[in-house]
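What follows is a short report on a single structure.
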2 protein chains.
Amino acid sequence: MNVEKVVHFVRQFVPLEESILESMLPILSQVELKKNEIWQAEGVMGTSMGFINKGIMRLYFTDDGEEFTQEFYAENEFASNFISYVKKQPSKTAIQALEPCELIVMQLDDLQNLYDEVPALDRFGRLYAEQMLIGMYDKMNAILGETPEQRYYKLLDSKPDIFSRVKQYYIAQYLGIRPESLSRIRKRHMESS
Amino acid sequence: MNVEKVVHFVRQFVPLEESILESMLPILSQVELKKNEIWQAEGVMGTSMGFINKGIMRLYFTDDGEEFTQEFYAENEFASNFISYVKKQPSKTAIQALEPCELIVMQLDDLQNLYDEVPALDRFGRLYAEQMLIGMYDKMNAILGETPEQRYYKLLDSKPDIFSRVKQYYIAQYLGIRPESLSRIRKRHMESS
DNA sequence: TGATTTTCTTAACTGAGGTCAATGAAATTA
DNA sequence: TAATTTCATTGACCTCAGTTAAGAAAATCA
């Protein structure tokens, strides 16, 4: 199991000594997903976080038969139904692999149990939660104050590879518009550059 | 100082014995605000939570000379620049009284210091943070998946008194539209009922 | 209260995204 | 590889919010 990158990721938040690795290994497991496979289904409790070693995933929910993609997760990011875990309620969102994926999976309950032994992990948990809050906050402001076109350019700027790796209509869902509108925005963009 | 309602509010989250009141009193203070007065300015660190005994407030930010109202807080709610406190960064948002207000103010640092002595308060802090996260999450989904008109009716349903207490253009900011558009939505609403 | 400023409404126009339908391109599968 | 399905693009048309400007209503203040 290739845990190098997870450790590196966690170390961005908190210092982690080598010895701590040993206490972490038992709560980690590796998971392989096929393209389009649902990793976490709707209606199920969110119990784990998946660090993406390879591949790309999306978090989405379904309302009135229509899907809304909320977030894309790619290499070196954690994908999770965190809201469900926090609420202790079955998740309204699902997580799907959009490419063949390789995940390092961490059980959230196991992580919480480790908090007493390894304070550094406790801190990581809190910082991660806060980071999520901030991310959601920024995103909300973007949706409130920006046009779909502005959001398109922002996404193009921050995650340019998304456009070649993910189907257009998932991106359209993410931007809050119809695939046809995304096509038109792209066309306008081509013409002006 | 009238702290009855704050205590009642906190008790909705966690059981609080009478004796705990004594430890809380020193970190509480009462603040009166005039109409339109800015309680927490932009660019300042978020350091406190204000429980509203009377009045109504708004949380907003300014971008490119334009204001965006993110939330209204009325009686029996806490108003705070919580994101700033969590980020430990000067706030991008400001909080303004939209009516003469009476607040019970709690210093967040003081509250954190109390956590060691009163575990029930620690729990309150966490639950409050989680509640904020959930609220923000729900709101984001509403903005992504609903039209301004749907959001208008939702607000009308959940906080009908807002419309008589708050200026239309603040509500328009909150809904993510122009005051003119809100007028038109209201007109449509009148005609159809 | 009366005067002045601020806010709200209305109208005409523009533009961007939604909808529907058809076609072309790409990915899947046999 | 060919056949089939899925996805992306385009066009025509429609709807609704943005913009600008004007006037009405309401709130503020002297």
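Since we're looking at a predicted model, the values are computed, not measured. No hydrogens, no waters, no symmetry mates; every other heavy atom, side chains included, goes into these values.
Phosphate proximity of D/dT10 to A/R186: absent, as no side-chain N or O sits under 4.0 Å from OP1 or OP2. Phosphate proximity of D/dT28 to B/K35: present, with a side-chain N or O under 4.0 Å from OP1 or OP2. Under 4.0 angstrom from either OP1 or OP2 of C/dG17 there lies at least one side-chain N or O belonging to A/R188.
Residue B/E180 has its side chain nearest to D/dT20 when only C/dA21, D/dT20, C/dG17 are considered. Of the candidate nucleotides C/dT7, C/dT19, D/dA8, C/dT7 has the atom lying nearest to any side-chain atom of B/Y169. Out of D/dA21, D/dA8, C/dG17, the shortest distance to the side chain of A/K167 is found at D/dA8.
D/dT6 atom C1' lies 11 Å from atom OH of A/Y170, rounded to whole Å. A/R165 has its CZ atom 19 Å from the P atom of D/dC7, to the nearest Å. Taking atom CD on B/E149 and atom P on C/dG18, their separation rounds to 16 Å, with Å as the unit. In this structure, CG of B/L175 is placed 17 Å from P of D/dC16, rounded to the nearest angstrom. Atom P of nucleotide C/dT10 and atom CD of B/Q168 are separated by 11 Å, given to the nearest angstrom. As rounded to whole Å, 12 Å separates atom P of D/dC16 from atom CD of B/Q150. Atom pair A/L98:CG and D/dC7:C1' shows a separation of 14 Å (rounding to whole Å applied). One can place NZ of B/K187 at 15 Å from P of D/dA24, the figure rounded to the nearest angstrom.
Of all heavy-atom pairs between A/A97 and A/K34, the closest is CB-O, 3.6 Å.
Side-chain atoms of A/R184 and base atoms of C/dG18 include a donor and an acceptor less than 3.5 Å apart.
Toward the 5′ end of DNA chain C lies the nearest nucleotide of B/S183, the other residue of the pair A/I177 and B/S183 mapping further downstream. Both A/S181 and B/N36 lie near DNA chain D, and the one whose nearest nucleotide falls closer to the 5' end is A/S181.
With ring centers used as reference points, B/F78 lies under 6.0 Å from B/F51. Remark: aromatic rings of B/Y152 and B/F163 are close, center separation under 6.0 Å. Within the 6.0 Å centre-distance limit, the rings of A/F82 and A/Y128 are counted as a close aromatic pair.
A cation-pi arrangement is absent between A/K5 and A/F9 under the rule of less than 6.0 angstrom and at most 45 degrees off the ring axis.
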